Amino acid sequence: MYLFAIVFFSTFVLIEAFDPNLTKKYKAVFAALCYFFLIFHDGFRWETGCDWIPYSLYFENLLTNNSISNPFFEVGFYLFMLPIRLITDNYSLYLIIHAVVFYTALFVIIFRLSPAPFLSILLLYMITVPIMGTNRQLLALAFYIWGLYHLTQGDKIRFCIMTAVACCFHMSAFLCFFVLFLNRNIKQWIQLTLLTISILIAFSGIVNMLVPYLAFLITDDTILMKFDVYTSSEYTNVTLLSTTISLARKLIWIGLLMLFDHYIKEKPRHYYLFYNLYFISILFYIFCNGTILQILVSRALIYFSIAEIFVVPYVVYVFAQNRGKALVILFIIAYAYISIEKSFSNYGEGNDLFKPYKGILINNDYQRYDQ
């Protein structure tokens, strides 16, 4: 399914890049095909993703074990799920509605802000499919993206409102308020200095040495138990090879954007907002790679790394309609697939949360979770 999805989206990416007239003529049709494919992909899955134990049980017991005064999860998520649960106990219907809300929000903003929307859709799939099933955070991301759109229009108040709503679905969204300070052109020497410091910290391993001493600040027993597990797990084992590969993979696009900055003409006013968001996501990825913080902030970084879907298209469109552009696009396609496989592997060896993809109509006889 995942390889098919990459090929499916890549078809529209290539048409978009090399036949703009055909893209303009059938843009709505192509967009609808991508949209409904993603609704099917996320809405008709079964036992695929991160949500089957926590969220399916939450949905099933919503009317008996939870209330608005004691919602267990954030109150926004409870209120989103409640009317659906009052109507049906069919979890698939909930998944379809969830997918419609999420992809409608993302598609509208992509087609308003991206210079290459179909390339952005491919990159959106690359970023979100490894966290498919993180229902609360994906809804928070949808509201946050709408807030970002208002921020690109200069409306900081609406951005704050939408971000506050996002926090009602997942508290990690409070980090998004930091975005208010990022819509500016940061000099490249400052960027290079910050990258150098992050790389030195990553290779030094100092984070793994210092983080365990933070345990005394944690008062919640459940969080402390998770803290102990993570600090003694394989996630804290940093190797030179894995760190080098991760650095190279993350620095590709930011390096090209720095190199070709003066070739990107007529930058929209939101260009540096998305560029800085992506740059910060790289700094924190480098800084936290192979440490306990990698687990703690991997989900929080989605609010920054999502900017990749808006900035990478600018790398492609500094090239003329020639072999160079074709090679870059083919590289992005390969990069997307490799990134997905790498993200799946982060869940641990032998984990089958995502592979094989199981849905109502696909691989429905596969027994997951030793059932």
Side-chain angles (χ1 to χ4, degrees), residues 35-36 38-45 48-63 66-68 70-88 90-110 112-113 120-121 123-151 158-177 179 277 281 297-307 309 343 353-354:
Y35 175 79
F36 286 111
L38 287 168
I39 299 300
F40 172 83
H41 184 287
D42 288 19
F44 287 85
R45 61 193 168 88
T48 300
C50 306
D51 54 337
W52 290 98
I53 295 177
Y55 288 130
S56 61
L57 289 177
Y58 184 72
F59 179 80
E60 181 181 336
N61 299 313
L62 188 71
L63 301 180
N66 303 278
S67 65
I68 193 169
N70 185 28
F72 188 76
F73 291 127
E74 287 85 351
V75 67
F77 183 66
Y78 171 80
L79 292 175
F80 175 82
M81 190 177 276
L82 181 61
I84 304 172
R85 184 64 182 85
L86 288 171
I87 296 172
T88 181
N90 189 328
Y91 191 61
S92 289
L93 179 59
Y94 159 75
L95 291 178
I96 293 170
I97 294 173
H98 183 283
V100 167
V101 171
F102 177 73
Y103 286 114
T104 299
L106 270 294
F107 267 57
V108 170
I109 303 307
I110 283 173
R112 288 184 182 182
L113 297 181
S120 293
I121 291 171
L123 295 169
L124 173 68
Y125 183 77
M126 176 195 76
I127 292 171
T128 58
V129 75
I131 58 171
M132 182 171 57
T134 56
N135 297 341
R136 292 149 54 222
Q137 191 163 27
L138 289 176
L139 289 171
L141 183 64
F143 283 101
Y144 160 69
I145 287 293
W146 267 98
L148 271 183
Y149 172 73
H150 289 301
L151 190 59
R158 288 191 180 182
F159 168 77
C160 291
I161 292 172
M162 298 305 291
T163 301
V165 173
C167 291
C168 294
F169 287 87
H170 203 279
M171 282 304 299
S172 62
F174 80 90
L175 293 171
C176 301
F177 287 107
V179 178
L277 278 171
S281 75
V297 305
S298 60
R299 297 285 171 80
L301 281 181
I302 186 65
Y303 305 113
F304 298 88
S305 61
I306 194 67
I309 73 176
S343 297
L353 284 173
F354 294 89

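Model, not experiment: these values are computed from the prediction. By convention here, the first residue in the shown sequence is residue 1. What's counted below: heavy atoms across the whole structure, side chains too, no hydrogens, waters or symmetry copies.
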Tell me the closest heavy-atom pair linking Ser172 and Gln137, and the distance in Å. OG-NE2, 3.4 Å
Tell me, please, which residues at least two apart from Leu93 pass side chain to side chain contact (heavy atoms under 4.5 Å, CB included). Thr88, Asn90, Ile97
For Tyr55, which residues count as a side-chain hydrogen bond (donor to acceptor under 3.5 Å, both in side chains) partner, sequence neighbours excluded? Arg136
Restricting to ring pair (Phe, Tyr, Trp, His ring centres under 6.0 Å), what partner residues turn up for Phe177, sequence neighbours left out? none
With side-chain contact (heavy atoms from CB on, under 4.5 Å) as the test, pick out the partner of Asn135 among Tyr94, Tyr58, Phe80, Phe73. Tyr94
Not counting sequence neighbours, which residues clear ring pair (Phe, Tyr, Trp, His ring centres under 6.0 Å) with Tyr103? List them please. none
Aromatic ring proximity Tyr303/Tyr144, centre distance under 6.0 Å: yes
For the pair Arg85 (side chain) and Leu62 (backbone), establish whether a donor and an acceptor sit closer than 3.5 Å, ignoring hydrogens and angles. no
Do you know which two heavy atoms are closest between Cys176 and Thr163, and how far apart they sit? CB-CG2, 3.6 Å
Leu124 CG to Ile109 CD1 distance, which is reported to the nearest 0.5 Å: 12.0 Å
What class does the angle between the rings of His98 and Phe102 fall in, given that below 30° is parallel, 30 to 60° is tilted and above 60° is perpendicular? parallel
For residues Pro130 and Phe354, report the shortest heavy-atom separation together with the two atoms involved. O-CZ, 3.2 Å
So do the side chains of Met162 and Trp146 get within less than 4.5 Å of each other, counting heavy atoms only? yes
Hey, could you give me each pair passing salt bridge (Lys or Arg N to Asp or Glu O under 4.0 Å) that has a residue in residues 95-110? Not counting sequence neighbours. none
Once rounded to the nearest 0.5 Å, what's the spacing between atom CZ of Phe44 and atom OG1 of Thr48? 14.0 Å
Could you list the residues that satisfy side-chain hydrogen bond (donor to acceptor under 3.5 Å, both in side chains) with Ser120, not counting sequence neighbours? Ser114
Output all residues satisfying side-chain hydrogen bond (donor to acceptor under 3.5 Å, both in side chains) with Tyr125, sequence neighbours left out; order by chain, then residue number. His41
Side chain to side chain, Val179 and Leu277, heavy atoms closer than 4.5 Å: yes
How many angstroms lie between atom OH of Tyr91 and atom CD of Glu60, to the nearest 0.5 angstrom? 11.0 Å
Side chain to side chain contact (heavy atoms under 4.5 Å, CB included) partners for Phe36, two or more places apart: Ala32
Search all heavy atoms of Ala99 against all heavy atoms of Asp42 and return the closest pair with its distance. CB-CB, 4.0 Å
Least distance between heavy atoms, Ile306 atom then Ile127 atom: CA-CD1, 4.2 Å
Shortest non-hydrogen separation from Leu106 to Ala142 and the atoms involved: CD2-CA, 4.1 Å
Quick one: does Thr134's side chain have a donor or acceptor within less than 3.5 Å of a partner on Ile131's backbone? yes
Output yes when a side-chain donor or acceptor of His170 lies under 3.5 Å from a complementary backbone atom of Leu139, and no otherwise. no
One should read off an interatomic distance between Leu141 CG and Leu148 CG, to the nearest 0.5 angstrom, of 9.0 Å
Run the ring pair (Phe, Tyr, Trp, His ring centres under 6.0 Å) test against Tyr35 and tell me which residues pass, sequence neighbours left out. Phe107
Can you name the side chain to side chain contact (heavy atoms under 4.5 Å, CB included) partners of Ile87, sequence neighbours left out? none
Which residues satisfy the side chain to side chain contact (heavy atoms under 4.5 Å, CB included) test with Met126, sequence neighbours excluded? Leu123, Glu308, Tyr335, Ala336, Ser339, Ile340
Set of residues satisfying ring pair (Phe, Tyr, Trp, His ring centres under 6.0 Å) with respect to Phe304, sequence neighbours excluded: none
